[in-house]
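Written out below as structure tokens is the structure these notes cover.
Order of the sequence lines sets the chain letters (A, B, ...), proteins ahead of strands, with each chain counted from 1.
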Amino acid sequence: LNWHILSLCVIAAMETQLSNGPTCNNTSNGPSTISNNCSSPVESGSIEDSKTNLIVNYLPQNMTQEELKSLFGSIGEIESCKLVRDKITGQSLGYGFVNYVDPKDAEKAINTLNGLRLQTKTIKVSYARPSSASIRDANLYVSGLPKTMTQKELEQLFSQYGRIITSRILVDQVTGVSRGVGFIRFDRRVEAEEAIKGLNCQKPPGATEPITVKFANNPSQKTSQALLSQLYQSPNRRYPGPLAQQARFVLILTHALNHVPLLSFYSRFSPMAIDGVTSLAGINIPGHAGTGWCIFVYNLAPDADESILWQMFGPFGAVTNVKVIRDFNTNKCKGFGFVTMTNYDEAAVAIASLNGYRLGDRVLQVSFKTNKTHKA
DNA sequence: TCGGATT
């Protein structure tokens with residue numbers, strides 16, 4: 001058994017290609033995205049800074065403040081430079097500020113560095129709006145959008161409430177179709193508040209379902225567990241480390257003791273192995289969500305929570321997301337949940353191992369998620 | 001007995 005598990009670990013080892021969504025490009029914010037060149041700065045920001053201070057967006061996750069300063073320092077003398085990080089985790093939030101001494105250098109930096117490709121990202125360089133409380137927390141998260149709605153239509157819908165700084169509609173990485181989720185950043189918080197009042201739970205013109213509009217979280221905020229998982233499954237790892245092996249072993253052994261035979265999952269072929277990800281375009285593969293492999297877990301207890309899913313699936317490899325589906329009113333688990341795993345092989349092993357697993361007095365059913373819907 | 005989605 002142990003030997004099989006070790007072999008499996010080798011077979012299952014695949015390159016992790018973590019891509020953080022579609023590469024940002026500077027046209028994606030649409031034609032109505034305003035210039036941040038503040039000819040009439042408002043409130044507390046200094047007028048001088050408006051011509052020297054730049055905001056740099058869509059920086060690669062691993063870029064440091066020093067690297068940012070080095071890159072922009074190649075243009076001219078920098079007065080100050082700040083990479084914005086999450087207060088708690090220290091993770092880069094993917095943007096920063098560069099303040100030049102000379103306004104000419106700021107202009108030059110926009111002309112030469114805006115649109116520069118760094119790793120998987122295309123950075124955006126523009127004048128920073130003066131810092132002020134009124135422009136903070138003006139970013140909205142919008143869900144339930146009709147899949148046909150374009151970014152332009154989204155902006156049209158929201159523009160009645162104020163000046164839009166940026167907008168975006170998230171798309172499936174594989175199919176390119178809208179995920180029905182987007183973002184709108186207004187110039188001022190009060191505008192965002194009005195948009196929530198006016199549009200939350202409303203049907204956009206021609207739509208059949210109401211949309212949800214609320215304040216957005218910070219970009220790429222992950223749970224501490226997902227961060228741990230990411231750390232633990234480092235991108236260059238080819239084989240699971242001793243800890244992973246141990247955990248797998250324990251789990252699979254537990255499974256064996258549960259008197260459910262293991263499937264011959266190691267002989268199963270992986271669709272990822274045909275000719276890589278490109279072969280997946282337009283093909284509907286169960287559980288494949290573009291960002292990973294989505295697994296359906298059925299027969300969870302009413303009091304089940306996310307931690308049990310992390311505990312069960314984590315040992316099999318990179319888990320990026322878990323979700324227990326709860327009843328809106330009672331907040332009790334509706335009996336099922338979802339787990340997203342990065343690598344097909346690890347997901348397949350987890351499914352093969354955990355399907356039929358006895359959790360308390362329940363026997364779990366675990367499979368790739370399908371497109372079933374309860375709607376009529 | 002197959003959601004919600006966080007650039």
Side-chain angles (χ1 to χ4, degrees), chain A residues 19-30 33 55-61 84 86 91-95 120-124 137-147 151 154 164-173 175 177-185 192 209-223 226-227 284-302 304 306 309 320-328 331 333-340 351 355-356 362-375:
Chain A
S19 165
N20 254 339
T23 304
C24 302
N25 61 64
N26 303 300
T27 57
S28 74
N29 285 330
T33 298
I55 182 165
V56 187
N57 280 290
Y58 311 120
L59 293 168
Q61 179 63 48
V84 179
D86 183 286
Q91 289 231 314
S92 166
L93 293 182
Y95 69 97
T120 63
K121 303 284 186 182
T122 303
I123 68 170
K124 177 181 174 181
D137 304 316
N139 196 24
L140 297 179
Y141 172 85
V142 189
S143 61
L145 294 168
K147 299 281 197 277
Q151 185 182 18
L154 180 68
I164 295 169
I165 302 299
T166 57
S167 72
R168 166 157 298 175
I169 287 179
L170 302 187
V171 298
D172 183 287
Q173 285 180 243
T175 65
V177 307
S178 166
R179 292 165 67 190
V181 172
F183 294 89
I184 292 280
R185 180 182 293 279
E209 299 297 326
I211 61 173
T212 301
V213 184
K214 54 190 188 183
F215 285 108
N217 296 332
N218 283 331
S220 66
Q221 265 189 354
K222 293 186 174 174
T223 67
L227 284 171
N284 191 10
I285 291 172
H288 185 65
T291 53
W293 298 88
C294 193
I295 297 167
F296 176 61
V297 185
Y298 179 70
N299 213 14
L300 295 169
E306 272 74 10
L309 294 178
T320 55
N321 187 255
V322 302
K323 184 88 183 172
V324 167
I325 304 305
R326 295 182 172 85
D327 181 276
F328 185 82
N331 215 30
C333 174
K334 286 162 84 171
F336 63 96
F338 297 93
V339 175
T340 306
I351 289 168
N355 185 37
R362 291 158 173 268
V363 177
L364 298 185
Q365 286 174 245
V366 183
S367 61
F368 282 115
K369 178 189 182 307
T370 68
N371 288 325
K372 270 182 206 169
T373 169
H374 62 281
K375 281 185 189 171

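Picking from B:dT7, B:dG3, B:dC2 the nucleotide with the shortest atom distance to the side chain of A:T166 gives B:dT7. Which of B:dA5, B:dT7, B:dG3 sits closest to the side chain of A:Y141 comes down to B:dA5. The side chain of A:R168 lies closest to B:dT7 when the candidates are B:dT1, B:dT6, B:dT7. Residue A:V181 has its side chain nearest to B:dA5 when only B:dA5, B:dT6, B:dG3 are considered. Closest to the A:K369 side chain, of the nucleotides B:dT7, B:dC2, B:dT6, is B:dC2. Nearest nucleotide to the A:K147 side chain, out of B:dA5, B:dT6, B:dT1: B:dA5.
Residues passing the ring-ring contact (aromatic ring centres under 6.0 Å, His included) test with A:F296 are A:F336, A:F338, sequence neighbours excluded. Applying the side-chain contact (heavy atoms from CB on, under 4.5 Å) test to A:R362 and every residue at least two apart in sequence or in another chain returns A:N299, A:A301, A:P302.
For the pair A:I295 CD1 and B:dG3 C1', the computed distance is 15 Å after rounding to whole Å. Rounded to an integer number of Å, the gap from CD1 of A:I123 to C1' of B:dT7 is 17 Å. Straight-line distance from the CD1 atom of A:I169 to the P atom of B:dT6: 16 Å, rounded to whole Å. When the P atom of B:dT7 is taken as reference, atom CZ of A:R179 falls 8 Å away, rounded to whole Å. Atom CZ of A:F215 is separated from atom P of B:dT7 by 18 Å (rounded to the nearest Å). Put simply, CD on A:Q91 is 15 Å from P on B:dT6, counting in whole angstrom units. Distance CG (A:N331) to P (B:dG3): 18 Å, rounded to an integer number of Å. Between A:F183 atom CZ and B:dT6 atom C1' there is a gap of 4 Å when expressed in whole angstrom units.
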Q: Please step through side-chain contact (heavy atoms from CB on, under 4.5 Å) for the pair A:N57 and A:L59, ending with a clear verdict.
A: CA-CA 6 Å; A:N57 280 290; A:L59 293 168; over 6 Å; no
Q: Begin from the C-alpha positions of A:D86 and A:L93 and carry the test side-chain contact (heavy atoms from CB on, under 4.5 Å) through to its verdict.
A: CA-CA 6 Å; A:D86 183 286; A:L93 293 182; 4.1 Å; yes
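The residue A:F336 sits close only to the backbone: its heavy atoms come under 4.0 Å of sugar-phosphate atoms, none of a base.
Under the 3.5 Å distance criterion, with hydrogens and angles disregarded, no donor-acceptor pair is assigned to the side chains of A:Q61 and A:S92.
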